[in-house]
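Reckoned from all heavy atoms, side chains included, excluding hydrogens, waters and symmetry mates. Order of appearance sets the numbers: ligands from 1, and atoms from 1 within every ligand.
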Amino acid sequence: MAFLASTPPGFISPPSTSNKKSLTSQVLLNGKRGQHFKISCNAPNGETRSNPSPSNSQSVETSSAIKLDRRNVLLGLGGAYGAANLIGDKLALADSTNKPFPYPNLTDCTVSYITGDPNTPNSVQVPYTCCPPTPADSPQPFKIPHTDQKRIRPAAHLVDDKYIEKYMRAIQAMKDLPQDDPRNFYQQANIHCAYCNYGHRVSDPEKGTDYLLQVHSNWFFLPFHRWYLYFFEKIAGELIDDPTFALPYWNWDTPCGMTMPFMFSTEKSPLDPSKSNPLYNPKRHPDHFPPAVFDLNYRGAASGLPDLTTVCNNLSFVYREMVTNAYDTQSFLGTPYYFGDAAPRGTGASELLHNPAHIWMGKPRTTDPPTYGEDMGNFYSAGKDCLFYVHHANVDRLWRVWLEQGGQNFQNQAWLDSQLFFWDEKKNPVYVTVKDCLDEEKLGYTYQPTELPWLKAKPIPKLEKEDVAANSNAPSVANAFPATLDKVVKVLVQRPKKSRSKAQKKKKKEVLVFEDIEYPMDEFVKFDVFINDEDEVGELMSKAEFAGTFSSVPHGHGGDEDRVLLSGFKIGLGDILEDLQADDDEYILVTIIPKNAGEKVTIDNVRIEFS
Ligand code: C2O
């Protein structure tokens, strides 16, 4: 079988017959409405992990009895079978130990979708194949070359002409490579498309099963993009014969960096107007070229706020995602995703913080002709804009910053040992592991130091605060949920414990959990959450009532109704309740303000937990 060739020997652990389930958490996988299957189980190390089982009563087909279209197998949709059940069954068989992901099946990469169910005429495929070239030989384990020459990634708004010249030359060289060279700029862009729009899958040869792979909305978000940038940067350096070449980073978390970096913005070379600029891309939002200020709270339309307000909002937004909502490993990096899990599970604060730049940079969608937010605003096309790599360099840098502020990476072996496939700068197919990317020193790069003004931009409380929850006549959770976000939703959420001591708070964080958010995967979705807010305008992020944002960047998966369900959106309440003088209150008033596509978003439940 094809996938055997690409699965490293000894990777697959022996099958286990046990299939224990205990309810610590649950996730719903994508499927028809009302036909989701709940996943729950306890991992031996105490981490929550998945173990799917069908949640409706339709009959479960055995995996051996069925031969389905691959995509149906992966996405569990359509066809004559109770397909969600089918997936549940397949996964339940395979998912009995915490297995790391192998790198994807390279001979098995298929067409990706922009939108729609592949079984209907409405589906839209990516109009070219976004699978990277298939290697003739099995990829070899990648050995990080030793280097004494550090690559120092500069802040994009601070680079000089010499750097711009080099950078333009490198990107031009990548664009000039033959189309089938895996190092070609557009082949590199394809890597993102295949990993992020479900071109790739992984197989378990022992079970004869395979799964779709997705590197967003789970704990692979940061390591995947770090490796992706590593190889992109090495290729760029190789082509201009400069091993010290380092990508710039778009420093959008400081006011001086809050516009599109100038070198990307002109059609003609910023150094020589008689030449074109390889960093330019016409598929960007026409209103968001300099001097437009990047809006991290972008809702798909101009806010109309003064630029300075936007800058203040941005800093507070970064504070919330880097501090308040990044209170532990999972909350920052995303939820665990094991080999055998069928779907992404929960988006980390690092990813939620990164989403706005995609949406803000992409062209607005149109229906005639149909466009989908290209390039940056849709994962299938995002890698075709140089800005992608500059944006992600900043995300990568903020991972480092978070660790320096006391954050900790996962210690989980399944995460550490998971593999990814890339082409290196010498055109060798290689596979890498998550654990090998955790030390940037070893990878040979670092970042030009910069200020962290958002650390001082904690949203500010009022001097005096009304007793907002007690005076509110908002409904209880039982009366308000499940809720559709077709309007502002206000709800009183009861706190299981109040007035906890400092020591108790240190031990366990009080967290607001949004259970089972269901939304269309191929659309831009956003809603904001405010606590004990008197109004429902939702424009000021720099006031203490602003608690967090949920958003999703469109990426098709070719699944039925293109809907996805996540369980992992959480908001850290600790500081917020203290700042709002609500720490002794029994209820909090939660205001959910839909900002885009709210009518297509449903939330099952909201509750408070201590974790
Ligand atoms: Cu793979 Cu910014 O996305």
Side-chain angles (χ1 to χ4, degrees), residues 101 104 112-114 126 130-132 156 186-200 212-233 247-253 260 264 281 283-285 294 296 298 318 321 332-334 337 343-362 372-399 418 420-422 434 437 521-526 549-557 564 566:
F101 271 87
S112 290
Y113 285 80
I114 301 173
V126 175
C130 58
C131 299
Y186 295 99
Q187 290 289 4
Q188 288 292 304
N190 282 346
I191 289 175
H192 194 257
C193 176
Y195 270 109
C196 309
N197 272 52
Y198 303 104
H200 279 318
L212 84 167
L213 181 60
Q214 174 56 263
V215 295
H216 296 90
S217 294
N218 60 61
W219 65 3
F220 291 127
F221 172 71
L222 290 173
F224 164 79
H225 291 89
R226 173 167 288 177
W227 273 123
Y228 183 33
L229 260 60
Y230 171 87
F231 288 110
F232 186 96
E233 180 174 88
L247 285 167
Y249 67 92
W250 180 8
N251 194 186
W252 41 252
D253 56 310
M260 179 196 305
F264 296 90
N281 176 8
K283 289 192 178 169
R284 290 180 187 146
H285 197 300
F294 173 32
L296 272 129
Y298 186 59
V318 178
E321 298 306 348
F332 187 68
L333 278 92
Y337 176 36
R345 326 234 335 256
T347 315
S350 56
E351 186 171 347
L352 293 171
L353 173 61
H354 122 289
N355 285 348
H358 277 280
I359 301 302
W360 191 75
M361 276 319 321
Y372 303 93
E374 292 88 352
D375 279 334
M376 275 285 273
N378 200 304
F379 281 155
Y380 93 87
S381 53
K384 292 197 280 186
D385 193 330
C386 295
L387 272 173
F388 175 95
Y389 307 90
V390 182
H391 169 46
H392 270 275
N394 200 41
V395 177
D396 187 72
R397 176 190 143 257
L398 290 173
W399 183 8
S418 281
L420 294 157
F421 164 80
F422 291 96
V434 167
C437 80
M521 194 183 256
D522 55 0
E523 282 189 51
F524 165 48
V525 165
K526 172 174 163 68
T549 285
F550 179 83
S551 66
S552 174
V553 177
H555 52 300
H557 69 124
V564 69
L566 289 189

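Between N197 and S112, the side chains place no donor N or O within less than 3.5 Å of an acceptor N or O (distance only, hydrogens not considered).
Note on ring orientation: taking the six-membered ring where Trp is involved, the planes of H392 and H192 are tilted (angle from 30° to 60°). Aromatic ring pairs are classed by plane angle as parallel below 30°, tilted from 30° to 60° and perpendicular above 60°; the pair Y389 and F232 is parallel. Under the 30°/60° scheme for interplanar angles, the aromatic rings of H354 and F379 are found to lie parallel.
In summary, an N, O or S atom of H354 is located under 2.8 Å from atom 2 (Cu) of ligand 1. Using a cut-off of 2.8 Å, one finds that H358 contributes an N/O/S atom close to atom 2 (Cu) of ligand 1. Using a cut-off of 2.8 Å, one finds that H392 contributes no N/O/S atom close to atom 1 (Cu) of ligand 1. The nearest N, O or S atom of C196 is not closer to atom 1 (Cu) of ligand 1 than 2.8 Å.
With atom 1 (Cu) of ligand 1 as vertex, H225 NE2 and H192 NE2 subtend 110°, rounded to 10°.
The pair R284-D385 meets the salt-bridge criterion, with a side-chain N (NZ, NE, NH1 or NH2) lying under 4.0 Å from an Asp/Glu carboxylate O.
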